[in-house]
Amino acid sequence: MNNRNRDGNNNDHFAQAAAPVEQLHPEIWFMHEDINDADRPYMMPLLQDSFELWLREASEEAGAVQGASLLFDWELRLIDSTGAVKGQAELWRDELRMLAAQVAESGCAASVTFGEPPAHAAAVPVRKRSSGEPFSIFIHIAPSSTAEAEQQARLSALHFRSCFYRSFEHIYVRDLLLQQKRTEKDANRRDALFLAAKRLYDQFDVTAVLSEMLSSLGQLYPSSEVNLYLSQDHLNGDARVKPLIFKNAAHDIVAKAFMEGKPMTQKERDGTIRLAVPMSGKQAAYGVLCISIDAERWDIANMPAFVLLADTAGSAFENAKLYEQSNLLINELRVINELAKRLNQSLKLKDIFKFATNELLNIFEADYCSILQLDKDRNQFNVMSSNIPTLAREQFVPDYGFSGIINRTKEPLILSDYWQTRVVTSKMMDYTGSRSLIAAPIMVEDEVVGVIMVTHKNPHYFSYDNYKLLQIMSTHIALAVTNASLHAEVRRMVITDNLTGLHARHYLNEQIQSRQRKDPLGSLVLVDVDHFKRINDTFGHQVGDRILIQVSEIIRTTIRQGDIAARWGGEELAVYLPGIRSEQAFRIAERIRLLVEAETDPKVTVSCGVSEWTFENDKISVESLFYRADMALYDAKNNGRNCIRLGVG
């Protein structure tokens, strides 16, 4: 070092080295950086590397460094040494440590002479370039003099500090580059995650969401094995989408991740890392995303990104599921509204049952449908509508088959596979070879009045949503049945005489008028109870009413199903016989007369007037038909009663 000291250029070099950094390189911003307390864990290796760098550079010129050098950190730990110290370390250790302690205490340079022959040691603090705070102690031992040792120690300390900050800047820049690479990697991952999230949120189909998520994971982690375990049934068609099964849950990280709601990791025997992360939305957890990846390729720093992707997929899955459910609900509401509107357009039970059968077949894409009505008077179920010809007119006892279960429980039911779960015997299922079934009761005022049965040949065909939809539809069908029944009852009351149970006169008029437009002929019989006023006066009006009821029942049992009997007024009754000529009508009237005389109590007789019409008549009307029959009845009354007369046109 003395040779370099005699060279003025070298002095200028060290003077420049001591000059403020910002004056030399103002454009290099990181040269303002300095060590701080956070760097303490890295100071020892940094000091060692810097000392080695100083030694290499100082040794490049032969004889540049004479004597020996040592470096202590500020805690008086020996970092490294060179020269004669290597051989005398134990001999000089105490003296040199005391010298370093003196510098550490005072913060200033110090020197000492020791040994024989004498050795001169000088120690100077190495200071930070920013604050001037000392961070290490450089000691030089010279054999010649203390002054030479001090000069060499100062110059070597400046050179060492230069080496130290070059090493520091190298590490700093290296860390910056590593941080930049990490930042770029994170940025690329964020971009990939952003694009994956965008693609996920762009999907409104559950299957598309799952496919996109698995595809994104395949791109982000190409060497991994990815599986998705769903907690709910979903047919995706992808082998990587599997049902979540809770077997041996205590040792299965997939089940544990789902139940505890947090990520789980496990190292496998083959060295791979297995991760399980819950796929959750705002409302619930829908499954677990599981990935197996080589330990060398896995960085724990990737876990937040993996969790973020799983959360994004969970939210996208939830949104798609809600969208799917909302569309399903909208479609169900549309179907229900249309069904209700169409059902209420008809007030005939037969038409309602037939329409409902066709609609249910279309809505559920089912193979077969039957609607049964409970006849309480006969205590049996009657098949009212069915697309199964062999069951079109079947009748069943109230406790038979699935209709019997529904009649007893008043609850709907769903059956996944009739062949595997034959809880009862069913003609409908056996005749058609059906395996899946949904059924619901038709309820009116909390009573079962009918049963709807919908079937399919495939097992597990109907979903729980189908099951719920049928329940809703059954209530609308029940409402339509109630309306039709009420309408039929009201109409029956309007067109029926309350006392006799026969039709009212206006209904008889309407029916005759209707038949005269399409039939070629017909006859009318007017029946009048003889001396009815005397009966009322003798026995009272209640007996008179009973007589009218008895005569009406005789008429009802005498005529055909298509004939129309009505109370014409007071004690007069009328029977219209479509397609019957007056001669045959006379015989029917005679049979009525004889039965009344034989079966009434108290005994009464009747007089009858008969008239007919044919398409050949000049004047065809209800009024003319009644007029001729009434004239014939008047003639029978005037000819001794209890007889029959034919009206003439």
Side-chain angles (χ1 to χ4, degrees), residues 492-493 495-512 515 521-613 622 624-648:
R492 188 194 67 79
M493 293 173 64
I495 66 174
T496 303
D497 177 67
N498 290 334
L499 177 63
T500 62
L502 302 180
H503 290 296
R505 178 173 178 172
H506 68 87
Y507 178 76
L508 179 66
N509 292 346
E510 293 170 2
Q511 291 300 308
I512 294 175
R515 299 306 291 261
L521 54 90
S523 296
L524 178 68
V525 178
L526 291 182
V527 181
D528 183 84
V529 179
D530 296 330
H531 303 294
F532 188 72
K533 184 177 183 302
R534 185 189 304 168
I535 294 171
N536 281 334
D537 293 342
T538 304
F539 300 101
H541 288 280
Q542 289 184 341
V543 173
D545 291 344
R546 192 169 77 233
I547 290 296
L548 285 177
I549 294 172
Q550 292 177 28
V551 173
S552 298
E553 185 60 28
I554 290 171
I555 292 174
R556 187 183 294 108
T557 57
T558 303
I559 61 177
R560 303 169 301 176
Q561 185 175 1
D563 298 337
I564 304 167
R567 185 178 183 183
W568 196 46
E571 72 276 12
E572 294 177 325
L573 308 175
V575 180
Y576 178 70
L577 306 168
I580 296 295
R581 296 301 298 259
S582 58
E583 293 83 1
Q584 188 177 354
F586 185 93
R587 291 193 292 272
I588 294 172
E590 179 63 15
R591 187 160 59 248
I592 292 172
R593 186 189 70 78
L594 293 173
L595 288 172
V596 168
E597 186 177 12
E599 297 180 2
T600 52
D601 181 24
K603 187 180 297 293
V604 296
T605 61
V606 294
S607 300
C608 301
V610 179
S611 66
E612 71 169 12
W613 70 273
V622 176
S624 62
L625 184 65
F626 269 101
Y627 177 77
R628 292 195 300 273
D630 191 36
M631 290 297 99
L633 177 61
Y634 182 77
D635 186 35
K637 290 282 189 181
N638 289 332
N639 285 275
R641 295 182 173 84
N642 193 21
C643 62
I644 303 169
R645 292 290 184 269
L646 290 174
V648 293

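- Applying the side chain to side chain donor-acceptor pair (under 3.5 Å) criterion to D563, with sequence neighbours excluded, gives R560.
- Open room surrounds OH on Y634; 12 or fewer heavy atoms of other groups in view lie less than 6.0 Å from it.
- Taking all atoms of both residues into account, the shortest heavy-atom contact from V610 to A585 is CG1-CB, 3.8 Å.
- Separating the CG atom in L573 from the CG atom in L526 is a distance of 9.5 Å, to the nearest 0.5 Å.
- Taking the side chain as every heavy atom from C-beta outward, I564 and Y507 approach each other to under 4.5 Å.
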Evaluation steps, side chain to side chain contact (heavy atoms under 4.5 Å, CB included), between V525 and Y576: CA-CA 6 Å; V525 178; Y576 178 70; over 6 Å; no
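- K533 places none of its side-chain heavy atoms less than 4.5 Å from the side chain of N536.
- To the nearest 0.5 Å, atoms CG (L499) and CZ (R567) are separated by 5.0 Å.
- Counting heavy atoms from C-beta on, the side chains of Q511 and L508 never come closer than 4.5 Å.
- Without hydrogens or angle criteria, S611 side chain to L625 main chain gives a donor-acceptor distance under 3.5 Å.
- Side-chain contact between L633 and S607 is present, with heavy atoms from C-beta onward closer than 4.5 Å.
- The side-chain contact (heavy atoms from CB on, under 4.5 Å) test with V604 is passed by exactly one of V596, D530, N642: V596.
- Shown here for L646 and A632, the closest heavy-atom pair between the two residues is C-CB, 3.7 Å.
- The backbone N or O of D635 lies less than 3.5 Å from a partner atom in the side chain of N639, making a donor-acceptor pair.
- Interatomic distance, CZ of R591 versus CZ of R587, reported as 9.0 Å (0.5 Å rounding).
- L524 has its side chain out of reach of V575: every pair of non-hydrogen atoms, C-beta onward, lies at least 4.5 Å apart.
- Considering CD of Q550 and CD1 of I555, their distance stands at 12.5 Å, rounded to 0.5 Å.
- Taking CZ from R593 and CZ from R641, the interatomic distance works out to 14.5 Å, rounded to the nearest 0.5 Å.
- At least one side-chain heavy atom of L502 sits less than 4.5 Å from a side-chain heavy atom of R556.
- Across Q584, R628, R581, a single residue satisfies side-chain hydrogen bond (donor to acceptor under 3.5 Å, both in side chains) together with E612, and that is R581.
- Between D497 and H503 there is no side-chain heavy-atom pair separated by less than 4.5 Å.
- Here the shortest heavy-atom pairing between C608 and V527 reads SG-CG2, 4.0 Å.
- A distance-only check finds no donor-acceptor pair linking the side chain of T538 to the backbone of I535 [under 3.5 Å].
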Any chance you could lay out the side chain to side chain contact (heavy atoms under 4.5 Å, CB included) test for F539 and R546, step after step, and finish with the verdict? CA-CA 11 Å; F539 300 101; R546 192 169 77 233; over 6 Å; no
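- Closest of all the heavy-atom pairs between A574 and W568 is CB-CB, 4.1 Å.
- The backbone N or O of S552 lies less than 3.5 Å from no partner atom in the side chain of T500, so there is not a single donor-acceptor pair.
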For E572 and V529: C-alpha separation, side-chain torsions, deciding distance, then whether side chain to side chain contact (heavy atoms under 4.5 Å, CB included) applies. CA-CA 7 Å; E572 294 177 325; V529 179; over 6 Å; no
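- In this structure, the separation between CG on L521 and OG on S582 is 10.0 Å, given to the nearest 0.5 Å.
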